[in-house]
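This report refers to the structure that appears directly beneath it.
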Amino acid sequence: MTYCYNCGTKLYPKELDGEGIIPFCERCGEYRFPIFSAAVSMIVFSPQKDKILLIRQYGRPHNILVAGYINKGESAEQAAAREITEETGLKSSDFHFNKSAYFEPTNTLMLNFSCTALSDDLSGVNKKEVDYAKWYTLDEAKKEIKPDSLAQHFLNYALI
């Protein structure tokens with residue numbers, strides 16, 4: 001961050017006890033810690049836990065995990081359940097946190113969860129948000145997920 005998000009003044013590096021060098025706004029007299037978005041991605045297992053749901057979005061040709069941003073006032077778990085329902089029409093349960101990773105292209109901290117869908121019926125997929133959704137066996141999912149992606153990284157970590 002180069003400028004204060006409150007007043008627009010150029011920030012300068014300044015020592016803060018116990019924190020190190022932190023951007024400081026001389027006008028506001030405040031340290032400005034990094035600001036970034038937070039989002040969730042989910043490895044959605046079928047009710048039998050033998051398949052994983054992968055989707056395609058926005059005309060892109062690659063399979064990814066269901067994901068979305070966390071809304072203000074919402075927990076990560078609430079966002080995960082909401083995003084799954086919004087994008088696929090599925091209800092889910094048994095949320096388990098797997099891992100987090102920073103995604104630089106969108107300045108987003110991604111929080112990955114595994115969960116179980118209560119149904120494998122994909123007739124409720126939101127066609128405005130999802131171009132394609134399909135259940136894959138665990139081995140198929142590893143092969144079909146977008147290569148060299150954060151989604152692949154999360155999936156491989158969860159299936160170790």
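Numbering starts at 1 and runs along the sequence shown.
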- Message: Taking salt bridge (Lys or Arg N to Asp or Glu O under 4.0 Å) as the definition, give me every residue that meets it alongside Glu74, ordered by chain and number, with sequence neighbours left out.
- Response: Arg82
- Interatomic distance, Lys134 atom NZ to Glu140 atom CD [nearest 0.5 angstrom]: 6.5 Å
- Item | Pairs satisfying ring-ring contact (aromatic ring centres under 6.0 Å, His included), at least one member in residues 102-135, at least two apart | Phe97-Phe113
- Task: Measure the CG-CZ distance between Leu16 and Phe33 for me, rounded to the nearest 0.5 Å.
- Result: 5.0 Å
- Query: Cys4 versus Lys10: any side-chain heavy-atom pair under 4.5 Å?
  - Reply: no
- Query: Where do Cys25 and Thr9 come nearest, in terms of heavy atoms and distance?
  - Reply: SG-CB, 4.0 Å
- Task: Without swapping roles, check the side chain of Thr108 against the backbone of Thr106 for a donor-acceptor pair under 3.5 Å.
- Result: yes
- Please test Leu54 against Glu144 for side chain to side chain contact (heavy atoms under 4.5 Å, CB included), starting from the C-alpha separation and ending with a verdict. CA-CA 8 Å; Leu54 299 180; Glu144 295 295 329; 4.1 Å; yes
- Nearest heavy-atom neighbours spanning Ile70 and Ser75: CG2-O, 4.2 Å
- Task: Indicate whether the side chain of Ser119 and that of Asp121 have a donor and an acceptor atom separated by less than 3.5 Å.
- Result: no
- Hey, could you give me the CG/OG distance between Asn107 and Ser37, rounded to the nearest 0.5 Å? 6.0 Å
- Item | Ser114 side chain to Asn98 side chain, donor-acceptor N/O pair below 3.5 angstrom | yes
- Message: To check you understand the geometry: which heavy-atom pair defines the closest contact between Leu155 and Ile43, and what is its length?
- Response: CA-CD1, 3.8 Å
- Message: Please give me the minimum heavy-atom distance between Phe154 and Ser41, naming the atom from each residue.
- Response: CD1-OG, 3.3 Å
- Item | Minimum heavy-atom distance Lys146-Gln152, with the two atoms named | O-CB, 3.4 Å
- Side chains of Asn112 and Leu65: does their closest heavy-atom pair fall under 4.5 Å? yes
- Note on the structure: Taking every heavy atom of Arg60 against every heavy atom of Asp131, the minimum-distance pair comes out as N-OD2, 4.2 Å
- Message: Determine whether a donor-acceptor pair (N or O, by modelled atom type, separation under 3.5 Å) exists between the side chain of Tyr136 and the backbone of Lys142.
- Response: no
- To the nearest 0.5 Å, tell me how far Thr116 OG1 sits from Asp94 CG. 4.5 Å
- Message: With a 4.5 Å cut-off on side-chain heavy atoms, are Glu129 and Glu86 touching?
- Response: yes
- Query: Hey, does Thr88 have a side-chain heavy atom less than 4.5 Å from the side chain of Leu53?
  - Reply: yes
- Query: Would a 4.5 Å heavy-atom cut-off, applied to side chains only, mark Ser93 and Leu118 as touching?
  - Reply: yes
- Glu104 atom CD, over 12 foreign heavy atoms within 6.0 Å: no
- In Å, rounded to the nearest 0.5 Å, how long is the span from CD1 of Ile55 to CD of Gln57? 4.0 Å
- With ILVMFWY side chains joined below 4.5 Å, transitively, what does Met1's cluster contain besides itself? Tyr5, Leu11, Ile35
- So do the side chains of Arg32 and Ile22 get within less than 4.5 Å of each other, counting heavy atoms only? no
- Query: Under 6.0 Å between the ring centres of Tyr12 and Phe24?
  - Reply: no
- Step by step, would you call Ile84 with Phe95 a side chain to side chain contact (heavy atoms under 4.5 Å, CB included)? CA-CA 12 Å; Ile84 292 167; Phe95 285 87; 4.1 Å; yes
- Task: For residues Ile145 and Ile64, determine if any side-chain heavy atom of one lies less than 4.5 Å from a side-chain heavy atom of the other.
- Result: no
- Between CG on residue Leu90 and CE on residue Met42, distance to nearest 0.5 Å: 11.0 Å
